[in-house]
Q: 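Dumping the structure here so I can ask a few things about it.
Residue numbering restarts at 1 for every chain, and letters A, B, ... go by the order of the sequence lines.
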Amino acid sequence: MCSRQASKLLEDLNAAQQKAVQIIDGPVLVLAGPGSGKTRVLTHRVAYLIREAGIDPGHILAVTFTNKAAREMKERLHALIGADHAADLTIGTFHKVCARFLRRDVIHLGRERDFVIYDSDDQERLMRRVLKDLNLNEKQYPPRAIHSAISSAKNELVSAAEYARLNRASYYDEIVARCYERYQALLHESNAFDFDDLLFETVRLFQQHPPVLAKYQERYRYVLVDEYQDTNRAQYVLIKQLAAQRRNLFVVGDNDQSIYAWRGADIRNILHFEEDYPDAQVILLEQNYRSTQSILDVAQAVINAGGQQKHVKQLWTENGVGVQVSLHEGYDQNDEAQWVVDEIAHLVLQGDYRLGDMAVMYRTNAQSRAVEEALMARGLRYQIIGGMRFYERKEIKDVLAYLRVIHNPCDNVSLARIFNVPARGIGGRTEEALYRWASELGVPVYQALQVLAGPDRTTARSVTDADGMTTDPVSPPQSPFNARTRATLLAFLEFIDSLITAREQLDLVGLVDTILERTHFRAALQHEYGPDEGEERWRNVQELREVAADYIYLQREAQLVTFLEEVALVADVDTLDEQQDVVTCITLHQAKGLEFPVVFLIGLEEGLLPHSRSMDEKDKLEEERRLFYVGATRARERLYLLYAFRRTSFGRTSVSSPSRFLASIPQELIKPAMKRPIVSVPPQSYSAAQRKVSRFARNDTSRFARNDTVVSNESERPSTVRFLPGQAVRHHMFGEGIVMSSKIVEGDEEVTVNFAKKGQKRLLANFANLERIEP
DNA sequence: GGCTCGATCTTTTTT
DNA sequence: AGATCGAGCC
């Protein structure tokens, strides 16, 4: 058994990891603390199954939550077992795997296999349509709220009919039930699935068609699931279905890192694994290979302060104590960001780290703004994960909408998107009339346009209805359009059809180019947004074209559908670039699964972490705590904790207090004060600073004591600064201002000045010709 | 049908 | 504070 290969697969693993890797059959639960080598266990186990147990790679299915995690597994397996074997494995996200199953077998559910996938924007648009159809007011019934109720229902595997049956308590539920039903009908008409449908419909397919399920059970004899604590009901059932026959189910997770309850993840799935599978073997991975003991102690202190759960892990490491975790209070979010950026610059200048080693993590995307501004002002390269997603930009979605319509003209949402992009005189009223007319006919809008064109027209693509019958265009109801509108609509139809025809001769990039040329896309962007923003948006479109170029090596028919599917299912974190030497700014949620030598956790304040909307319920509060835990355990060597004294949100500024989670960290784990001659309080803020000092004096939280107004006596960096904080200065262009801080950077003195008229600037004293003046 | 202005909302986290 | 949306105007 212990061949040379096996020993090679096992030699770098600790005892617990080895045990996990070597169990071939039966259910296994691996509880893996952060940094305990969970991905390594997953990949080595797959390799072990193939190499040592002789399992055909085609029989192995590994499911993850992000494409990034899937990609990582694939790459590592590629290295472990070689390209040929790796290519036969099925590794993908839940959504991707389900989409693949549905492409193959959705016909059993009476649906077409060339379905499109609606993202959240499409979903919202469709929901707006639903509300209009049902004569409901968007103000009273916000589309997103309704959709979120439906989404939760789908995650719980509750169908529209069941929802109506189960939720009769309130009028609101009644409304949701009606919307749910209509929403599904419209999805069906557009031959579309939303994200939740991919899971739900796959489960339904397996439930209603046992032979189909049996086929997949026979194929996937070994099932592995990553981040099992994040599974929702639908995912849980899906996995249960697949593993029901062979029961070779290997799940890896960490209840302490469960942070997705808000989107339906049910922590009970992992907590009750042993009840679902009484013969399960449970393995704890507690040795951490990532962080220093200092970092682990802080993380552990916070997580242990919460209500204790099942499966308590005690993390330990051989990495040594390392640098103490430090805590800093910024004056406001800008000062907080400034401090972070200063420290980043400091670490880089000292030569200890590269920009790419560092990450700034926060609870809400909005917090990235101050950080971005500070990084930009300092000229440090960075990437922001999330926020406005690339694939959600209007110009990108417009191009994608063309591609989707070409692929599936029944897609009403995409068709509606491009009616008037570029402007061609099909406005809201025409669109509405067309939609209503199509509803009357009971066909997708595209088909209604064909009817409008008359029976003689040669169609580029014949569309069949759900019964598989070509719709009879003999006696259409009178169309509501005058001659001019009709002509406009028919020109549009002809345009779409010509693109559909063009597709046959072109590869994906050719098709994109054709769309862009024939819509005069660039000119339209310039016209709409002006030369600067227009060009910027055009560059985004070019970037999309670059992405499309990756697909032209596929078979021509597969290019478009594969592209559309992958584009629909990318997550922000999938776009994270680890190769580039840039600072990463990322939300705590997205940071799960990542690691960085240096991590800054910012905004550790009541109301942000824990978030104000998650403070009142115990369960939600505990999830916030785990969020802190996830963030802290991303750090390998240095962890910085920050909060701001006051913060502006929604245009309102208010005083905030440090997160309660900080209070559960023993004082001795925290480095008492920062010793860097950078941070200062401008004179005009003294009153605020004093208030703050008195507040801490009153509360006797001495470890929060700040040294803002003190220029430290750090010794290794002899200070020859000529400008001290508070000094009034004049600049030939910026006018008069107050020095905020100053320090020596590479032989020059870098002075930060707050100019009365021009705001804060960062200047090099040798070049700036700053003049001292008396205030 | 497209424009400007003011009212209103945003910010929890996402496949 | 900034973006988005709607009403009212051209």
Side-chain angles (χ1 to χ4, degrees), chain A residues 63-70 92-99 117-123 128 138-139 142-144 147-148 151-152 154-155 193-200 227 230-232 234-235 258-265 333-334 361-370 373 385-389 391-392 394 419-420 423-432 484-485 488 527-528 565-575 586-592 603 605 607-615 620-621 623-624 626-628 630-631 647-653:
Chain A
V63 193
T64 63
F65 275 83
T66 64
N67 292 302
K68 184 173 179 297
T93 64
F94 273 100
H95 290 85
K96 183 76 127 294
V97 166
C98 286
I117 299 166
Y118 277 180
D119 67 18
S120 36
D121 181 68
D122 304 317
Q123 292 164 25
R128 289 225 154 87
E138 281 192 12
K139 288 275 145 59
R144 291 165 96 187
H147 181 262
S148 131
S151 174
S152 308
K154 286 183 180 178
N155 287 333
F193 289 116
D194 68 11
F195 289 146
D196 306 312
D197 283 341
L198 293 176
L199 304 171
F200 184 47
E227 307 277 17
D230 287 337
T231 50
N232 61 31
Q235 288 157 337
S258 158
I259 54 174
Y260 283 108
W262 54 273
R263 69 171 194 207
Q333 67 262 48
N334 296 323
M361 300 179 186
Y362 35 78
R363 177 67 226 271
T364 68
N365 278 305
Q367 290 169 258
S368 67
R369 188 165 194 143
E373 280 170 9
I385 310 300
M388 185 59 178
R389 281 176 214 117
Y391 291 107
E392 279 175 14
K394 183 176 179 299
F419 273 143
N420 219 22
R424 51 169 76 83
I426 306 179
R429 241 167 271 170
T430 306
E431 183 190 331
E432 193 62 27
R484 196 177 134 198
T485 310
T488 310
H527 176 74
E528 192 170 350
E565 182 169 305
E566 293 196 2
V567 151
L569 295 177
V570 288
D572 291 322
V573 72
D574 298 332
T575 66
I586 191 168
T587 64
L588 289 166
H589 281 91
Q590 299 196 100
K592 186 153 65 92
E605 293 147 43
L608 266 180
L609 190 74
H611 195 271
S612 53
R613 298 169 80 142
S614 304
M615 291 200 307
K620 289 185 173 179
L621 181 71
E623 183 153 315
E624 300 288 305
R626 295 193 291 269
L627 215 37
F628 180 101
V630 167
R647 184 171 295 273
T648 306
S649 53
F650 299 133
R652 269 230 181 81
T653 302

Q: Which whole-number value in Å describes the distance from A:Trp262 CH2 to B:dT11 C1'?
A: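 Atom CH2 in A:Trp262 sits about 13 Å away from atom C1' in B:dT11.
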
Q: For the side chain of A:Asn420, starting at C-beta, report the closest nucleotide among B:dT11, B:dG2, B:dT15.
A: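 The answer is B:dG2, which lies nearest to the side chain.
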
Q: Report yes if a side-chain nitrogen or oxygen of A:Gln590 is closer than 4.0 Å to either non-bridging phosphate oxygen (OP1 or OP2) of B:dT14; otherwise report no.
A: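 The answer is yes; a side-chain N or O of A:Gln590 sits under 4.0 Å from OP1 or OP2.
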
Q: Please give, in whole Å, the distance from B:dT13 C1' to A:Leu608 CG?
A: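 Between C1' of B:dT13 and CG of A:Leu608: 12 Å.
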
Q: Is there a donor-acceptor pair closer than 3.5 Å between any side-chain N or O of A:Glu373 and the backbone N or O of A:Ala370?
A: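 Side chain of A:Glu373 to backbone of A:Ala370, a donor-acceptor pair under 3.5 Å: no, none is there.
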
Q: Send over the distance from A:Lys394 NZ to C:dT4 P, rounded to a whole Å.
A: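 Taking atom P of C:dT4 as the reference, NZ of A:Lys394 is at 11 Å.
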
Q: Should A:Thr430 be listed as having a side-chain N or O under 4.0 Å from OP1 or OP2 of B:dG1?
A: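 Checking A:Thr430 against B:dG1: at least one side-chain N or O falls below 4.0 Å of OP1 or OP2.
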
Q: For the P atoms, the ones on B:dT13 and on C:dT4, what distance do you get once it is rounded to whole angstrom?
A: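 16 Å, rounded to whole Å.
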
Q: Would you kindly give the NE2-to-P distance between A:His95 and B:dT15, to the nearest whole Å?
A: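 Value for this atom pair: 9 Å.
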
Q: What nucleic acid atoms does A:Ala571 come within less than 4.0 Å of, heavy atoms only: base, sugar-phosphate, or nothing?
A: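 Sugar-phosphate contact only.
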
Q: Picking from B:dT11, B:dT13, C:dG6, which would you name as closest to the side chain of A:Arg144?
A: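 Shortest atom-to-atom distance from the side chain points to B:dT11.
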
Q: Is any NZ, NE, NH1 or NH2 atom of the basic residue among A:Glu623 and A:Lys620 found under 4.0 Å from an Asp or Glu carboxylate oxygen of the other?
A: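 Salt bridge between A:Glu623 and A:Lys620, a charged N being under 4.0 Å from a carboxylate O: no.
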
Q: Hey, what's the ring geometry for A:Tyr260 with A:His589, parallel, tilted or perpendicular (30° and 60° as the breaks)?
A: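 Rings of A:Tyr260 and A:His589: tilted, as their planes differ by 30° to 60°.
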
Q: From C-beta outward on A:Phe650, which listed nucleotide comes closest to its side chain: B:dT10, B:dT14, C:dG2?
A: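 Given the options B:dT10, B:dT14, C:dG2, the side chain of A:Phe650 is closest to B:dT10.
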
Q: Which value, rounded to the nearest 0.5 Å, describes the distance between A:Asp194 atom CG and A:Phe200 atom CZ?
A: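 One gets 10.5 Å once the value is rounded to the nearest 0.5 Å.
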
Q: Of all the nucleotides listed (B:dT11, C:dG6, B:dT14), which has the minimum atom distance to the side chain of A:Thr587?
A: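 The nucleotide sitting nearest to the side chain is B:dT14.
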
Q: Just call it for A:Arg424: base, sugar-phosphate, or nothing, with non-hydrogen atoms closer than 4.0 Å on any strand.
A: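 A:Arg424: no heavy atom of the nucleic acid under 4.0 Å.
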
Q: Taking for each residue the nucleotide of DNA chain B with the nearest heavy atom, is it A:Leu569 or A:Lys139 whose nucleotide lies nearer the 5' end?
A: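 It is A:Lys139 whose nearest nucleotide is closer to the 5' end.
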
Q: Roughly how many Å is it from OH in A:Tyr391 to C1' in B:dT15, rounded to a whole number?
A: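 Interatomic distance, OH of A:Tyr391 to C1' of B:dT15: 15 Å.
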
Q: What integer distance in Å separates A:Leu199:CG from B:dT14:C1'?
A: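 Rounding to the nearest Å, CG of A:Leu199 and C1' of B:dT14 are 13 Å apart.
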
Q: Choose from B:dT10, B:dT14, B:dT15 the nucleotide whose nearest atom is closest to any side-chain atom of A:Tyr260.
A: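 The answer is B:dT14, which lies nearest to the side chain.
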
Q: What is the distance from CG of A:Leu588 to P of B:dT11, rounded to the nearest Å?
A: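 From A:Leu588 CG to B:dT11 P: 17 Å.
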
Q: Could you check how far NZ of A:Lys620 sits from P of B:dT13, rounded to whole Å?
A: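 The answer, rounded to whole Å, is 14 Å.
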
Q: Do the side chains of A:Leu198 and A:Leu569 get nearer than 4.5 Å, heavy atoms only?
A: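 A:Leu569 reaches A:Leu198 side chain to side chain.
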
Q: Tell me which nucleotide among B:dT11, B:dT15, B:dT14 gets nearest to the side chain of A:Val573.
A: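 Closest nucleotide to the A:Val573 side chain: B:dT15.
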
Q: Can A:Phe65 be classed as stacking with the base of B:dT15, given a centroid separation cut-off of 5.5 Å and a plane angle cut-off of 30°?
A: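 Whether judged by distance or by angle, A:Phe65 falls short somewhere, so it does not stack on the base of B:dT15.
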
Q: Taking only the side-chain nitrogens and oxygens of A:Asn365, find out if one of them lies under 4.0 Å from OP1 or OP2 of B:dT14.
A: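 Affirmative; the distance criterion is met.
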
Q: Do you know which two heavy atoms are closest between A:Gln590 and A:Ile385, and how far apart they sit?
A: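 In terms of heavy atoms, the two residues are closest at NE2-O, 3.4 Å.
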
